[in-house]
K.L.:
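After the structure tokens below, expect a handful of questions from me.
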Amino acid sequence: MNIQEAKIEIEKLTNELNEHNYNYYVLDHPTISDYEYDQMMNKLIEIEKEFPELMQSDSPTQRVGGVALESFNQVTHTVPMLSLDNSYNQGDLLDFDGRTRKALDEEVEYVVEPKIDGLSVTLSYENGIFVKGATRGDGYIGENITQNLKTIKTIPLRLSENVNVEVRGEVYISREKFEELNKRQEENEQPLFANPRNVAAGSLRQLDSKITAQRNLDIFVFNIQTIDGKTFDTHIDGFEYLKKLGFKTSNYNVCNSMKEVIELCDEWSEKRATLSYEIDGLVVKVNDLNQREILGTKSKSPRWAIAYKFPAEQKETLLKDIEVQVGRTGALTPTAIFEPVRVAGSVISRATLHNEDYIQEKDIRIGDYVIIQKAGDVIPAVVKVVLDKRNEDVKPFNMPEHCPICGEETVRLEGEAATRCVNSACPAQLRRSIIHFVARNAMNIDGLGESIVTLLLDNGLISDIADLYYLKKEEVLSLERMGEKSANNLLNSIEKSKGNDLSRVVFGLGIKLVGARAGVLLADVFKDMDTLMNASFEDITVIPEIGDKMAQSLVAFFKEERNLEIIEKFKSTGVNMKSLKVEDDSIEKKFEGMTFVITGTLSKYKRTDAKDIVEKLGGKVSGSVSKKTHYVLAGEEAGSKLTKAQELGVPVISEEEFEEMVK
Ligand code: IVH
């Protein structure tokens with residue numbers, strides 16, 4: 001075969017394979033046998049191997065994945081990838097309908113589509129060839145995951161027309177493939193995926209597209225983001241065109257009234273369980289594209305669409321046991337252990353029961369049948385006990401009088417919901433306190449996950465957080481499954497963390513009630529650890545955001561001998577004990593003593609940027625308007641805060657006026 005012949009053959013095979021791929025995966029209607037398909041594919045692979053320079057970017061051979069990447073490049077979206085406002089009941093939908101019709105002053109037709117529970121992506125085509133695919137990211141900038149998307153068989157690599165178009169869709173995994181994948185994971189002793197959505201997200205963020213190729217992902221395309229040289233009157237015209245181009249699109253219904261939409265919502269909440277993929281609701285969209293134009297968008301979501309989220313799915317299961325866990329502050333948390341059951345796409349086998357009162361109020365007993373649901377479709381919770389099914393063997397639950405880990409007595413203080421183990425040397429508390437110390441928002445020590453913390457403790461290599469800085473290489477190497485490279489990485493990240501800002505150390509100490517934000521405030525005000533340690537209750541409560549309880553907790557913490565020892569150990573090993581924030585004296589603090597409230601949608605800045613500017617100039621930004629507010633910076637769509645400012649006579653400034661003030 002010479003190069004000319006190869007070129008012709010490659011073109012022919014590519015076209016045929018792409019077509020058969022479409023018939024098989026999108027239409028679910030193959031016209032040749034798997035054997036014939038494989039034969040053609042093998043032939044193409046052979047020719048491409050011989051003439052690699054002829055390999056086309058839309059070659060079906062790329063579906064199996066390619067060379068692993070070092071990292072993903074960033075992609076700035078041509079059209080921002082907006083999100084949707086949520087609605088949960090008829091009332092919310094009727095409100096949406098009311099707002100929409102009022103803004104348009106005419107009748108509205110709605111398109112209703114299933115809301116696929118997966119990951120949103122864009123696909124860009126130039127002259128009909130798939131050239132780039134990206135994740136949503138923050139809506140403005142995503143990651144280039146083209147290689148991974150090419151492995152999804154329902155994404156056409158070449159369209160039926162030579163158009164320049166960018167589309168948006170949702171990548172997902174079917175229930176069946178999800179079950180199969182988890183079975184494989186189990187057989188290979190790998191961790192199971194909690195739900196299909198995690199599979200979609202995790203698989204698309206693989207640097208090695210060969211792994212993505214094994215995950216059997218799928219896509220529903222639901223929107224044209226941009227297109228050259230074509231316009232449509234309605235959303236469904238666009239939809240039909242997407243189908244014609246070769247995309248797999250979602251099902252949809254057109255409704256002439258919100259009443260019809262509501263009926264559909266009820267229908268679909270029943271029907272969802274019978275679908276071959278997970279959906280978490282429906283999306284209701286205005287069909288007419290002119291009307292959409294008039295309605296416009298808010299900063300994060302369009303005014304012409306709303307998501308309807310199904311009521312949390314509930315399931316009945318057996319409560320087999322209640323285990324008690326001991327947290328960082330010694331609080332005992334009862335955890336329900338269930339007969340595993342699938343709820344809203346995840347297999348649930350545990351849920352927190354919070355505290356003693358929660359269990360008592362719901363009268364939950366071990367051996368009961370309970371109704372569980374995923375609150376906000378994320379955290380599983382017990383809704384109620386099925387009393388009809390209760391038998392005599394059920395066992396009431398009492399909080400243990402002794403800590404299940406160290407055996408010390410437990411106490412429940414007046415006014416507190418939590419029962420606590422008061423032994424500050426309790427190994428469970430120690431374990432959790434170390435996990436907290438190394439966490440990303442605290443000292444951010446990479447490579448120190450829960451299992452290594454447990455190993456370090458079990459092997460007696462550490463007995464408090466400061467001991468981490470005294471670990472020797474041979475000690476780390478002695479741990480199970482720890483190689484030279486991981487040991488070096490771990491010790492390097494521990495070393496690196498010594499240079500962290502004081503705020504991270506303060507938060508990392510795990511002082512009761514002191515969160516990450518308080519860590520920053522305390523570091524800003526007191527500047528170094530010694531000053532903070534010697535601060536009185538009054539010194540601390542001067543900080544507006546810090547209340548009496550937190551101040552008490554801080555003073556008590558720095559009185560304890562054990563804690564002082566830990567801080568001494570930090571100091572001698574060189575952990576930074578100072579605030580690293582540099583005060584920039586060159587900036588005039590023209591907003592010193594002033595409080596701003598920022599509301600509405602700003603067009604020139606993100607709200608956080610405006611806040612940074614105010615703070616840099618010495619001012620403060622508050623969340624609510626009061627008589628003490630100096631200025632309200634109001635953007636588009638400013639609501640109740642603007643009204644309040646007007647009522648109180650607080651000066652309201654526009655973005656332009658703000659810019660003038662800042663100059
Ligand atoms: S439309 C500007 N349609 O739901 C409108 N979104 O909660 C953009 N989703 O980020 C969204 N199925 O990832 C739309 N048929 C559908 C959808 C859908 C799933 C996802 C999408 C979006 C999220 C919003």
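Each ligand, and each atom within it, is numbered from 1 in the order the structure gives.
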K.L.:
Which is it for K285 and ligand 1 at heavy atoms under 4.0 Å: side chain, backbone, both or neither?
P.N.:
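Answer for K285: side chain.
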K.L.:
Do me a favour and list the nearest non-hydrogen protein atom to atom 13 (O) of ligand 1 with residue, atom name and distance?
P.N.:
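Protein heavy atom with the smallest distance to atom 13 (O) of ligand 1: E170 OE1, 2.5 Å.
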K.L.:
May I ask whether P114 has any heavy atom positioned less than 4.0 angstrom from an atom of ligand 1?
P.N.:
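A heavy atom of P114 does come that close to ligand 1.
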K.L.:
Which one of H235, R168, R136 has a non-hydrogen atom at the shortest distance from atom 10 (O) of ligand 1?
P.N.:
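It is R168 whose heavy atom sits nearest to atom 10 (O) of ligand 1.
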K.L.:
May I ask you to identify the nearest protein heavy atom to atom 17 (C) of ligand 1, giving residue, atom name and distance to one decimal place in Å?
P.N.:
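Going by distance alone, atom 17 (C) of ligand 1 is nearest to F222 CE2, 3.6 Å.
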K.L.:
Mark the output for A305 as yes if a heavy-atom distance to ligand 1 is under 4.0 Å, and as no if none is.
P.N.:
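Outside the 4.0 Å threshold, so no.
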K.L.:
Is S120 in polar range of ligand 1, meaning some N or O pair under 3.5 Å apart?
P.N.:
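By distance alone, the answer is yes.
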K.L.:
So, are K611 and E615 salt-bridged, with charged N and O less than 4.0 Å apart?
P.N.:
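Salt bridge present between K611 and E615.
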K.L.:
Judged by atom type as modelled, is there a donor-acceptor pair below 3.5 Å linking the side chain of S250 to the main-chain atoms of F222?
P.N.:
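Here the side-chain-to-backbone pair does not exist.
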K.L.:
Taking non-hydrogen atoms only, is E113 closer than 4.0 angstrom to ligand 1 via side chain, backbone, both or neither?
P.N.:
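Answer for E113: side chain.
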K.L.:
Taking the six-membered ring for Trp, are the ring centroids of F220 and Y277 within less than 6.0 Å of each other?
P.N.:
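Ring-ring flag for F220/Y277: true, centres closer than 6.0 Å.
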K.L.:
Using heavy atoms and a threshold below 4.0 Å, how should the contact between A307 and ligand 1 be classified: side chain, backbone, both, or neither?
P.N.:
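The answer is neither.
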K.L.:
So which bit of W304 gets within less than 4.0 Å of ligand 1, heavy atoms only: side chain, backbone, both or neither?
P.N.:
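The part of W304 near ligand 1 is the side chain, not the backbone.
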K.L.:
Looking at E113 and K285, is any side-chain nitrogen of the basic one under 4.0 Å from a carboxylate oxygen of the acidic one?
P.N.:
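E113 and K285: salt-bridged.
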K.L.:
At a 4.0 Å threshold, what atoms of ligand 1 neighbour a non-hydrogen atom of P302?
P.N.:
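Numbered from 1, ligand 1 contributes 2 (C).
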K.L.:
Can a salt bridge be assigned to the pair K243 and E240 using a cut-off of 4.0 Å between side-chain N and carboxylate O?
P.N.:
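Judged by the 4.0 Å cut-off on N to carboxylate O distance, K243 and E240 do form a salt bridge.
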K.L.:
Determine the sole option in L123, I224, L242 for which the side chain to side chain contact (heavy atoms under 4.5 Å, CB included) test with V165 is passed.
P.N.:
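Option passing the side chain to side chain contact (heavy atoms under 4.5 Å, CB included) with V165: I224.
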K.L.:
Can a salt bridge be assigned to the pair E263 and K259 using a cut-off of 4.0 Å between side-chain N and carboxylate O?
P.N.:
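Here E263 pairs with K259 in a salt bridge, since their nearest N and O are under 4.0 Å apart.
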K.L.:
Just need the protein heavy atom nearest to atom 5 (C) of ligand 1, so name the residue and atom and give the distance.
P.N.:
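Checking every protein heavy atom, the shortest distance to atom 5 (C) of ligand 1 gives L84 CD2, 3.8 Å.
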K.L.:
Before we go on, tell me: are the rings of Y24 and H20 under 6.0 Å apart, centre to centre?
P.N.:
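Ring centres of H20 and Y24 not closer than 6.0 Å.
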K.L.:
With heavy atoms of I116 as the reference, note each atom of ligand 1 found under 4.0 Å away.
P.N.:
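In order of numbering, the contacting atoms are 12 (N), 19 (C).
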K.L.:
Any side-chain to backbone donor/acceptor pair from S87 onto A307? Under 3.5 Å, distance only.
P.N.:
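Side chain of S87 to backbone of A307: a pair is present.
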